[in-house]
Number of protein chains: 2
Amino acid sequence: MKTSKTSRRQAAIASFMQAMREEMRLSILWGNAAAGLAGINPTDAITMIFLNEVGEATAGQLAKITGLTTGAMTAAIDRLESAGLAARKVDPHDRRKVIVKAIKMPTQLSALRRTVTKELEDTLLHYSETELLRFIDMKNITNAFLKRCINLYDDKHVRSFMNSRTKP
Amino acid sequence: MKTSKTSRRQAAIASFMQAMREEMRLSILWGNAAAGLAGINPTDAITMIFLNEVGEATAGQLAKITGLTTGAMTAAIDRLESAGLAARKVDPHDRRKVIVKAIKMPTQLSALRRTVTKELEDTLLHYSETELLRFIDMKNITNAFLKRCINLYDDKHVRSFMNSRTKP
DNA sequence: TATAGTATCTTTATCGGTAAAGATACTTTA
DNA sequence: TAAAGTATCTTTACCGATAAAGATACTATA
């Protein structure tokens, strides 16, 4: 019995979703494991990695990026500040805002990133650059999809700052 | 000035990692948002989705799958049980173990899955089945990579049960 | 078959996150 | 410019997660 084209498509899409769910679960596990390796709590790790990329951001932006409440972010910044990893300063243009500036990257996180990069290079060894670029395109597509799902949840919550970072 | 082949590769790999990090962050956000939509806490949602796929699992297996401590899983199972979503029973072959059995899927989670599936179908509308299959392959590769990273953290922690589910 | 060792779940103290209210500061409008 | 409205961070009460210790049951070894 021959399978129809559309049902094969649906089966492919179902497999795709299954793989995405698996990836989501693993991502969370890995986030926690990585933070554990670095001896830092997962939230603080994500915050520092992000801060390290952008240099500085407001407390509110960090809350949106990490998906935490502003209250939790206040506490996280307290921890980072007392660990000497980041510092607060008031935004001179808007004194309600608190700008958080990265001071230094926890050395274990940097070391971990090097290890993981090496591991990923080994994994991707047998793929051509063209294939890699196609993979990246595809990741961007699913990331856009995830963003739409998240916006489906709350239109104003994440969109503004997130889009401003990842569009280009 | 011409860019060397290896440095282009490294740039592609760096972009790839960047996209993976973004995807991890979005995955966590979406997990929480989805649970919020379903009116259930994220841990309970992940546990129920998993239980729904496999039918039943021990408390320890659920802890490993979700990345929670066994203590947290005890509390989660208490919640699920008192909400009538799952039930405990003692493993007759090993009375230390507690087997957790899915009773029913929260209706909001099922509804949400249908919505998201539709959304994903729209997203993938213009890709051929062949391309979809290539995407799935690639997801499986990165998932295997994530698993290796996690095992790097703790060899005995996650591996056994996780591998037994996803190898075939 | 005792005994020691290991595995599995539960309990408890502490910590991190959420939600909601509070304190300031900016913005709009009359 | 005064008042009302909105935005941003902090505080607080409660809840969920962790880590470590406890309770029970299986396993290996003499």
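Lettering follows sequence order; numbering is per chain, from 1.
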Exercise. Calculate the interatomic distance between B:L62 atom CG and C:dC9 atom P; express it in whole Å.
Key: 9 Å
Quiz item: Counting side-chain heavy atoms from CB outward, which of C:dT10, D:dA19, C:dG17 is closest to B:T69?
Solution: D:dA19
Self-check item: Heavy-atom side-chain contact between B:N52 and B:K104 under 4.5 Å
Solution: no
Detail all sub-3.5 Å separations between protein N/O atoms and N/O atoms belonging to nucleotides 3-5 of chain D.
none

Quiz item: Where each residue is assigned the nucleotide of DNA chain C containing its nearest heavy atom, which of B:T58 and A:A76 is assigned the position nearer the 5′ end?
Solution: B:T58
Practice problem: Output yes when a side-chain donor or acceptor of B:E81 lies under 3.5 Å from a complementary backbone atom of B:D78, and no otherwise. | Solution: no
Quiz prompt | Atom-pair distance (CZ on B:R79; C1' on D:dG16), nearest Å | solution = 6 Å
Exercise. Specify the separation, in whole Å, of atom CD1 of B:I77 and atom C1' of D:dG16.
Key: 15 Å
Quiz item: Taking the nucleotide of DNA chain C with the closest heavy atom to each, which residue, B:G71 or A:T70, is nearer the 5' end?
Solution: B:G71
Quiz item: Would B:D91 and B:R95 pass as an ion pair if we require N to O under 4.0 Å?
Solution: no
Quiz prompt | Rounded interatomic separation in angstrom, taking CE from B:M73 and P from C:dT12 | solution = 20 Å
Quiz item: In whole Å, what is the span from the CD atom of A:Q61 to the C1' atom of D:dC9?
Solution: 13 Å
Practice problem: Could you list by number each residue of residues 93-101 of chain A showing a heavy-atom separation from DNA chain D of less than 4.0 Å, or answer none if no residue does? | Solution: A:R96, A:K97, A:V98
Quiz item: A:L68 has a side chain; which of D:dG16, C:dG16, C:dT18 sits nearest to it?
Solution: C:dT18
Self-check item: pair A:F16-B:L120: side-chain heavy atoms closer than 4.5 Å
Solution: yes
Quiz item: Under 4.5 Å between any side-chain heavy atoms of B:T117 and B:E121, yes or no?
Solution: yes
Quiz item: When the ring centroid of A:Y127 is compared with that of A:F135, is the distance short of 6.0 Å?
Solution: yes
Practice problem: Run the salt-bridge test on B:E23 and B:K139 with the 4.0 Å N-O cut-off and return the result as yes or no. | Solution: yes
Exercise. Give A:A59 one of three labels, base, sugar-phosphate or nothing, depending on what nucleic acid heavy atoms sit under 4.0 Å from its own.
Key: sugar-phosphate
Quiz item: Whole Å only: how far is the CD1 atom of B:I40 from the P atom of D:dG16?
Solution: 12 Å
Quiz item: Would A:R79 and A:T43 count as a side chain to side chain donor-acceptor pair (under 3.5 Å) if you check the C-alpha gap in whole Å, the side-chain angles of each, and the deciding distance to 0.1 Å?
Solution: CA-CA 11 Å; A:R79 290 193 299 271; A:T43 295; 5.2 Å; no
Quiz item: Atom CD1 of B:I65 and atom C1' of C:dT8: how far apart are they, to the nearest Å?
Solution: 17 Å
Quiz prompt | d(CG, A:N41; P, D:dA17) in whole Å | solution = 15 Å
Quiz item: Quick one: is A:R88 getting a side-chain N or O under 4.0 Å of the D:dT8 phosphate, OP1 or OP2?
Solution: no
Quiz item: Got B:K147 and A:E22 here, is their nearest side-chain heavy-atom distance under 4.5 Å?
Solution: yes
